[in-house]
Amino acid sequence: QQNVQQSPESLIVPEGARTSLNCTFSDSASQYFWWYRQHSGKAPKALMSIFSNGEKEEGRFTIHLNKASLHFSLHIRDSQPSDSALYLCANDSGYNKLTFGKGTVLLVSP
Amino acid sequence: DTTVKQNPRYKLARVGKPVNLICSQTMNHDTMYWYQKKPNQAPKLLLFYYDKILNREADTFEKFQSSRPNNSFCSLYIGSAGLEYSAMYLCASRTGTGGADTQYFGPGTRLLVL
């Protein structure tokens with residue numbers, strides 16, 4: 001059974017800081033990797049995805065994937081209070097299913 | 001519009017009573033999913049419909065039922081609610097079956113069973 005682990009469980013950073021969120025997965029056959037963000041009381045929303053080893057940048061957000069080490073991560077540059085949310089990582093092995101981690105609660109203090 | 005709607009947003013149910021949760025999307029997505037999320041746990045996939053074909057996870061097979069009367073609507077049915085069913089239930093939809101396609105989520109229905 002697939003397993004996805006996230007760290008840390010929660011994180012408090014000052015505004016303007018660089019934030020790093022980590023995710024490890026157990027299924028080496030996973031092909032698609034996602035980060036979702038959920039603000040309090042709102043629907044989870046896809047933030048970024050990556051499908052091959054390496055790095056992908058979109059604005060202040062960068063995602064890294066290293067399949068050999070079964071690890072992917074999300075980095076937020078110049079963190080803003082509006083980034084405060086629950087961050088969920090997930091992988092998809094191509095069977096029409098996402099396997100999620102428990103999430104990281106991020107609080108960016110002004 | 002990439003909105004997935006869920007009704008109700010909050011549901012109070014009594015132990016032993018049935019519960020029916022509703023999800024709708026207007027994106028003409030082929031696949032609709034139901035997840036259960038409890039505090040400090042990962043969202044857990046319960047079942048999904050690809051078109052009219054229902055796929056239920058092995059460990060929740062007997063606990064949840066679902067129907068999809070048309071492409072836009074999908075329900076989640078609990079025949080006899082137990083305390084362990086208290087959770088957030090998230091609906092999602094996606095076009096096709098490819099892992100590269102985004103799953104769009106609704107805001108969830110918070111179910112409390114007393």
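Chain letters run A, B, ... following the sequence lines, proteins first, then strands; residues in each count from 1. The shown structure was predicted, so the numbers you read here are calculated from the model rather than taken from an experiment.
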(message) At a 4.5 Å cut-off on heavy atoms, which part of B:R9 comes close to chain A: side chain, backbone, both, or neither?
(response) side chain

(message) What I'd like to find out is whether the side chain of A:L47 reaches to under 4.5 Å of the side chain of A:E58, using heavy atoms alone.
(response) no

(message) For the pair B:C91/B:C23, is the SG to SG distance below 2.5 Å?
(response) yes

(message) When you compare the side chain of A:K56 with that of A:S49, does any pair of heavy atoms fall below 4.5 Å?
(response) yes

(message) Rounded at 0.5 Å granularity, tell me how far OG1 in B:T60 sits from CG in B:L47.
(response) 6.5 Å

(request) May I ask you to check whether B:S67 and B:S75 show a side-chain donor-acceptor distance below 3.5 Å? (result) yes

(request) Could you look at B:Q103 and say if it's the side chain, the backbone, both or neither that has a heavy atom under 4.5 Å from chain A? (result) both

(message) Would you compute the distance between atom CG of A:N91 and atom CD1 of A:I50 and round it to the nearest 0.5 angstrom?
(response) 13.5 Å

(message) If the contact rule is any heavy atom under 4.5 Å from chain B, which residues of residues 101-110 of chain A qualify, in numerical order?
(response) A:G101, A:K102

(request) Using non-hydrogen atoms and a 4.5 Å limit, figure out which bit of A:Y36 sits close to chain B: side chain, backbone, both or neither. (result) side chain

(message) Measuring only between side-chain heavy atoms, which start at C-beta, is A:F100 closer than 4.5 Å to B:Y35?
(response) yes

(request) Flag the pair B:N28 / B:N71 as yes when at least one side-chain heavy-atom distance between them is below 4.5 Å, and no otherwise. (result) yes

(request) Taking the side chain as every heavy atom from C-beta outward, state whether B:M27 and B:Y104 have any atom pair closer than 4.5 Å. (result) yes

(request) Could you list which of residues 67-86 of chain A have a heavy atom closer than 4.5 Å to any heavy atom of chain B, in residue-number order? (result) A:L86

(request) Determine whether A:C89 and A:V4 make a side-chain contact, defined as any pair of heavy atoms from C-beta on separated by less than 4.5 Å. (result) yes

(message) Which label fits A:F25 and A:F33: parallel for a plane angle under 30°, tilted from 30 to 60°, or perpendicular past 60°?
(response) tilted

(request) Give, as side chain, backbone, both or neither, the part of B:E57 having an atom under 4.5 angstrom from any heavy atom of chain A. (result) side chain

